[in-house]
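Throughout, protein chains are lettered first and strands after them, A, B, ... in sequence-line order, and every chain is numbered starting at 1.
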Amino acid sequence: MAKQLAFYVDLNKCSGCKACQIACKDKSNLPVGVRWRRVFQYEGGEWINQNGQMIPSNVYAYSVSSACMHCAKPICMEVCPTSAISKRDDGIVLINADICIGCRYCSWACPYGAPQFNEELNVMTKCDMCHDLVDKGERPACVESCPYRAMDFGPLNELQAKYGTFADPAPLPDSNITEPAVVYKPNKVTKSSGNANGRLMNLEEL
Amino acid sequence: MDTREWALLAFTILGQTAAGLMIVLMIVRTYIAAKAGNDLADRLTNRPLYIVVPVMAVAFIASLFHLGSPLHIVRAVPNIGSSWLSREVVFAVIFMVFAALYTFLQWRKVGSLGLRIAIGWITVLLAAAYIYAMGMVYMITTQPAWNTIATPINFVIGSLLLGTLGMAAGLIAGGHKAEETNIVHTVLQALAIAAIVLLGIEFIVLPIFMAYLATQGGAALQSLNMMVGSYGVAFFFRLLLLFVGAGVLAAYLYRNASIAEKEKTLASLAYSAFALALVSEVLGRFIFYASHYRIGI
Amino acid sequence: MTQNNFLTKALNDTVMSRRSFLKWSAAIGGTAALAGGVDFGLKAIEGAAAAGEEQTLTVGCYHNCGGRCILATKVKDGTILRIVPDPTPVEDETPEVPRAIPCVRGRSQIRRVYAPDRLKYPMKRVGKRGEGKFERISWEEALDTIANEMKRIKDTYGNEAFYFNYAWGVTWTGPDGSSIIQRLLSMFGGYVGYYGTYSEAAYGVAMPYITGGYAGNSADDVVNSKLVLLLGDNSLVTRSGGDNGGYWYMKAAQNGTKFIVVDPILTDTVAATQGEWVPINPGTDVALIAAMAYVMVKENLYDKEFMATHTAGFDEATLPEGAPRNSSYMAYLMGKGYDKVEKTPEWAAAITGIPAERIANLAREIASVKPCAIIQCWGPQRRAYGEQFVRAVPILAAMTGNFGISGGNTGQLPGGGYCPMGGIPVPPNPVQVSIPCFMWPDFVTRGTEMTVEKDYIRGASTGWSANAGDTTTTQANKDLRLKSNMKFMWNHGGNCIINQHANVNYTRQVLEDDSKLEMIVTVEVGNTPSTLYSDIILPGTTGFEADNIITGEGHGIKGNHAWALFNHKVIEPMFEAKDDVWIAEQLADRLGFGEEFRDGHTTREDWLREMVAGAQASIPDFPSLEEFKEKGYFKLPGGKPFVAFEAFRADPEANPLGTATGKIEIYSPVLANLKNEEIPPIPSYIPEWEGVSDPLREKYPLLMMTTHFIARSHSTFENVDILREAHPQCLWINSLDAEARGIKNGDMVKVYNDRGIVHIPAYVTNRVRPGTTNMPQGAHFTPNADGVDIRGCGNTLTNYRPTPMAKGFTAHTNLVQVEKL
Ligand code: SF4
Ligand code: SF4
Ligand code: SF4
């Protein structure tokens with residue numbers, strides 16, 4: 001297997017604080033509206049009346065930090081009419097802003113909502129895996145930013161050897177679609193893709 | 001929907017109209033040529049032909065508003081190997097070039113009849129390829145409401161319908177001599193029947209498509225809910241207009257075309273049938289874009 | 001309301017447009033430093049690295065979350081590229097001293113420094129106060145005006161007309177910060193100070209009456225706990241970065257420590273520790289505690305010996321001398337106390353909303369799993385009867401045998417180490433009177449009528465609750481009076497004038513009459529509702545614009561180790577911003593004591609050097625200023641976690657607590673002497689006004705809390721666009737309450753009571769108890785033409801009605817109604 005760099009997020013350690021999202025925006029100077037890394041708040045359960053008292057029944061909440069997954073089958077790249085999207089030898093999927101014509105086709109296709117249009121620059125942009133840092137031997141800004149060390153970064157096979165292969169926490173889509181380069185470690189309440197009784201709650205995603 | 005999406009809507013509808021018109025036009029031309037000779041065929045079909053390229057040009061200009069960097073449209077070509085959008089753009093361009101060439105040859109009567117007819121048919125093939133590619137653009141695995149056979153069918157039928165009714169309108173608008181009335185009316189009747197048949201196909205595909213969405217759950221179901229929910233009114237009007245335009249008016253067109261003295265009525269019937277079909281397609285495309293739900297987040 | 005859109009108008013005057021900020025962001029990227037015709041002053045700083053070289057310079061995060069995380073900027077050619085976390089090499093990280101990786105707020109610092117609403121130059125008010133009309137003036141004019149007004153007010157009303165307002169925008173940060181201004185005002189003849197805090201007034205004042213002072217095990221000790229019971233503690237949000245509570249709680253949870261969290265909200269702390277959520281009705285914790293104590297007594301599950309030897313007033317046998325019969329906690333529990341009600345789980349269930357069975361099981365669990373850390377945080381004491389909660393929790397810690405042991409806790413907030421530094425010397429304040437900080441509007445309206453007995457004014461105080469002095473001894477000096485109402489207020493990097501104080505609309509009324517409080521001077525970096533109610537606004541520097549030294553907070557929910565941070569000046573001051581030392585010196589010159597004020601300190605560095613000398617006095621290894629600056633931080637090695645009151649546990653006779661009896665005073669004879677029903681000698685459940693059982697719920701059925709929010713440290717960071725995007729301000733409302741009102745997630749709603757109206761998006765969730773809502777505090781009050789706040793400032797709805805004893809803020813006790821807009 002060719003080298004494939006990947007992200008890891010331990011959902012047991014993620015509080016949903018979004019420090020990773022802000023670190024990403026700080027590093028790449030992203031405007032409001034462009035969130036290369038997003039943290040999805042997922043909730044479920046209900047309140048029921050038990051002998052006249054309201055009690056929560058299976059109420060749960062967890063967060064999933066996600067960015068571009070630098071997929072093995074990058075559907076973004078497949079549909080892009082230009083050659084703006086490419087995959088490097090180390091697996092990083094990049095959009096070349098000089099070539100992108102801003103047709104938004106990739107954002108229709110990517111099930112992770114990773115490509116996002118930058119209204120200031122008039123091009124599609126997305127997580128570039130901080131390749132400038134990675135090329136210098138450093139780790140991506142988001143990975144370094146987590147106060148609880150929930151994130152890791154490295155070759156996918158190494159991450160999988162260390163942490164397993166789960167890549168399908170709800171509300172993310174089925175990993176079969178694009179074969180994302182990511183590993184998640186589920187926590188006690190994590191549901192799998194396609195789970196029908198939880199909801200994505202983020203007001204900024206409405 | 002913002003400017004960008006309206007631009008996309010204009011591009012697809014106008015492109016479909018131009019391509020559909022081209023296809024129907026060549027068929028009609030062949031029919032007239034067989035019945036009444038090539039001269040008449042050229043004369044009757046040239047007027048409608050002259051609008052194909054301008055419509056296509058407007059479509060292109062509209063498409064630029066959809067792009068973030070319109071000046072770089074040429075960059076849309078390289079990924080023709082895997083991207084249907086590339087293919088759509090490429091076919092659109094080649095189609096337009098050939099349509100322009102054919103129009104020029106017809107206008108100036110340059111080249112032999114055989115050559116012109118050949119170029120005309122090549123243009124038809126390109127138009128068909130263009131429409132097919134246009135439909136395939138939306139066959140994205142992560143867009144369940146789009147990723148069904150209904151999408152290309154819809155694009156092709158829509159295109160032929162606009163082409164058929166557009167041709168009918170163009171034929172009448174072009175005017176004709178008294179002795180040509182017969183053949184014109186025969187063609188109009190044929191076009192009316194074609195429109196009704198196409199309408200029939202749409203009305204068969206649609207419920208099957210909706211039933212399919214309903215069984216898929218998830219994003220597909222959300223799309224369906226959106227179509228009949230938030231966009232329910234638009235959806236209803238789209239069907240109504242389509243039915244009235246391609247059905248009722250086409251039927252009247254058919255009936256009236258058998259009566260020689262009804263030129264005025266015929267004209268208004270043909271124009272309004274086309275107009276209604278056009279508005280219906282716009283509404284349909286609007287719902288198509290507005291109600292898509294991507295799998296994932 | 002006459003001042004329609006007063007904020008908008010003012011903003012037009014002071015704010016550069018978002019557009020120019022964006023251009024400016026581009027400028028940060030390396031192009032010209034000129035945008036929109038304004039020179040943003042992005043000049044290379046003196047002594048900066050050579051062109052093209054990338055430097056890593058430490059800067060601090062010294063906002064009032066208390067966290068003090070370490071961050072650094074990558075700087076190139078005089079512009080800041082980005083923030084990086086604590087630059088301590090990963091190899092140097094130890095389990096005891098983790099790298100202090102900043103939280104979501106700290107990561108956004110650059111946008112706070114370059115915020116579009118930065119104040120650019122000194123301004124004076126030209127319209128009516130609060131109307132928001134300001135005019136640019138020179139520093140010269142600003143300083144002359146302030147000095148002249150100070151002299152005039154001193155001549156007319158005396159020094160007791162001066163007030164140094166409660167503010168924490170710049171603190172634990174020398175030489176900028178409060179001390180430099182307190183030095184100025186003291187040398188000027190004095191000022192009325194405050195005591196207590198908006199955060200933990202009841203905690204600071206009431207805790208001494210049970211444990212003689214306040215101390216908890218250091219936060220890193222939770223790693224040694226089997227079970228942690230949190231009451232109203234959301235450290236994953238309040239102190240989410242660095243090595244503060246959030247970090248240690250997460251670490252413990254990873255280690256297998258079980259968390260049980262009593263909170264009306266399924267907070268991020270519950271979710272992240274994957275803990276058990278005990279959703280309680282707000283304001284009823286004391287009833288829950290009583291019922292759990294009842295179960296432990298009934299089922300013989302408590303440490304009888306410890307209660308007999310270490311506590312006073314738990315039962316009749318240990319009641320202090322002179323206490324009446326049946327005044328013990330036991331009597332209270334068993335229905336023999338003053339209220340004659342047995343504190344059964346069923347009794348508590350009806351109040352708390354927690355099923356009786358669950359209460360009983362909870363009692364059994366925390367009584368049997370050892371060690372168990374029982375931790376209270378400050379939220380539940382910012383309520384109508386906050387003092388009762390404060391004193392009730394340590395009872396559980398004592399009963400379960402967890403008081404004074406590792407892995408246990410005292411029922412208090414965890415502590416943490418800190419690095420002692422020298423500071424700006426503040427001479428004794430010649431004015432020997434202070435007020436509870438929350439009561440300042442009374443100082444404006446009826447200062448001379450305020451009394452010791454009713455209003456709890458006191459002798460001099462240096463600041464906050466921990467050293468605020470003893471309420472009862474100051475009660476002795478019953479004749480203490482203020483000689484003047486407040487006429488001059490210095491507001492130093494604070495937003496308590498309007499935004500962070502209760503009942504915004506009342507405060508506005510008090511301030512709009514400028515014949516009462518004649519002069520308000522505010523030093524700020526960005527626009528706030530408070531700057532708009534000021535008379536003179538001085539643009540201050542942010543941490544990025546001046547060298548500073550940052551020490552830990554004196555008490556902090558963190559590990560048992562400490563550090564100091566050298567905060568580098570990474571850019572030149574923006575616009576005409578000036579640092580606090582310069583401002584104070586300039587005023588001292590104008591007031592005629594410049595030389596005395598400087599006391600030989602001719603440069604800023606002189607003050608820094610003195611701080612370092614102060615540190616070296618207690619820590620011999622502390623580096624020189626130069627070495628300190630070069631490395632950027634100094635970290636003391638960590639030791640074992642701190643265990644509070646360990647010695648007392650071992651031998652209570654030899655190591656008595658600072659209470660009257662030297663024991664854990666569950667019955668306080670001193671409080672008994674106050675003979676105030678709202679301040680009973682034993683911690684008792686007192687039904688709240690605007691609480692669960694207030695009949696006012698017929699009109700305003702929903703309880704509303706105003707909790708801390710992850711996107712802000714109080715109201716700081718409110719101006720950072722990407723934080724508002726990441727964590728939008730919203731009203732938490734239970735899905736059942738929302739459904740009954742036709743509200744869907746994200747809908748705009750109207751929240752109101754008799755005090756005000758707020759328009760805000762609803763976050764419809766099951767993470768909050770039915771009947772309870774939450775409007776996170778700190779959003780900037782922004783009234784529309786009808787006086788409706790449209791940004792979600794919770795204090796539009798809170799009540800200026802203090803706790804009985806500490807006169808603390810009751811931010812979470814509110815009733816409201818909610819409607820779909
Ligand atoms: S920084 Fe860490 S804890 Fe915070 S949201 Fe990101 S992954 Fe989760
Ligand atoms: S996550 Fe989306 S944008 Fe990223 S590589 Fe996969 S398909 Fe492409
Ligand atoms: S790798 Fe870099 S670009 Fe991608 S999400 Fe993380 S910080 Fe953003």
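- Of the possible donor and acceptor atoms, one in the side chain of B/T142 sits under 3.5 Å from a partner among the backbone N and O of A/A109.
- Within 6.0 Å of the CZ atom in B/F98, the count of heavy atoms belonging to other residues, nucleotides or ligands does not exceed 12.
- With sequence neighbours left out, the salt bridge (charged side-chain N to carboxylate O under 4.0 Å, His left out) criterion links A/E204 to A/K18.
- For B/L85, the parts lying under 4.5 angstrom from a heavy atom of chain A are both the backbone and the side chain.
- Between chain B and the options A/P111, A/A114, A/G102, A/S66, heavy-atom pairs under 4.5 Å are most frequent for A/P111.
- With a threshold of 4.5 angstrom between heavy atoms, A/N118 does not approach chain B through any atom at all.
- Between chain A and the residues B/Q143, B/H292, B/R87, B/H66, the most heavy-atom pairs under 4.5 angstrom are made by B/H66.
- A 6.0 Å sphere centred on CG of A/D89 holds no more than 12 heavy atoms belonging to other residues, nucleotides or ligands.
- Heavy-atom distances place both the backbone and the side chain of B/R75 under 4.5 Å from chain A.
- Of the listed residues (A/P173, A/S83, A/C80, A/A84), the greatest number of heavy-atom pairs within a distance under 4.5 Å of chain B belongs to A/C80.
- Residue A/I101 holds its CD1 atom at 9.5 Å from CG of B/L64, rounded to the nearest 0.5 Å.
- With hydrogens and angles ignored, the 3.5 Å screen pairs a side-chain donor or acceptor of B/R294 with a backbone N or O of A/S107.
- Contact count against chain B (heavy-atom pairs under 4.5 Å) is highest for A/C110 among A/G194, A/C110, A/C100.
- The interface of residues 69-79 of chain A with chain B, defined by heavy-atom distances below 4.5 Å, comprises A/I75, A/M77, A/E78, A/V79.
- Counting heavy-atom neighbours within 6.0 Å of B/F65 CZ, excluding the residue itself, gives a total of 12 or less.
- Within residues 125-136 of chain A, no residue has any heavy atom closer than 4.5 Å to a heavy atom of chain B.
- Contact of the A/I177 side chain with the B/I295 side chain is registered, since non-hydrogen atoms from C-beta on lie closer than 4.5 Å.
- By the 6.0 Å contact criterion, CZ on B/F236 is open, its count of non-hydrogen atoms from other residues, nucleotides or ligands being 12 or less.
- Ranked by heavy-atom pairs shorter than 4.5 Å toward chain A, the options B/I140, B/V89, B/N79 are led by B/N79.
- The SG atom of A/C103 sits 9.5 Å away from the CG atom of B/L8 when rounded to the nearest 0.5 Å.
- One finds the CD1 atom of B/I297 at 4.5 Å from the CG atom of A/L172 (value rounded to the nearest 0.5 Å).
- Contacts of B/V137 with chain A are made by both backbone and side-chain atoms, with heavy-atom separations under 4.5 Å.
- For residues 183-206 of chain A, no residue pair satisfies the ring pair (Phe, Tyr, Trp, His ring centres under 6.0 Å) rule, not counting sequence neighbours.
- When ring centroids are compared, A/W108 and B/Y138 come within the 6.0 Å threshold.
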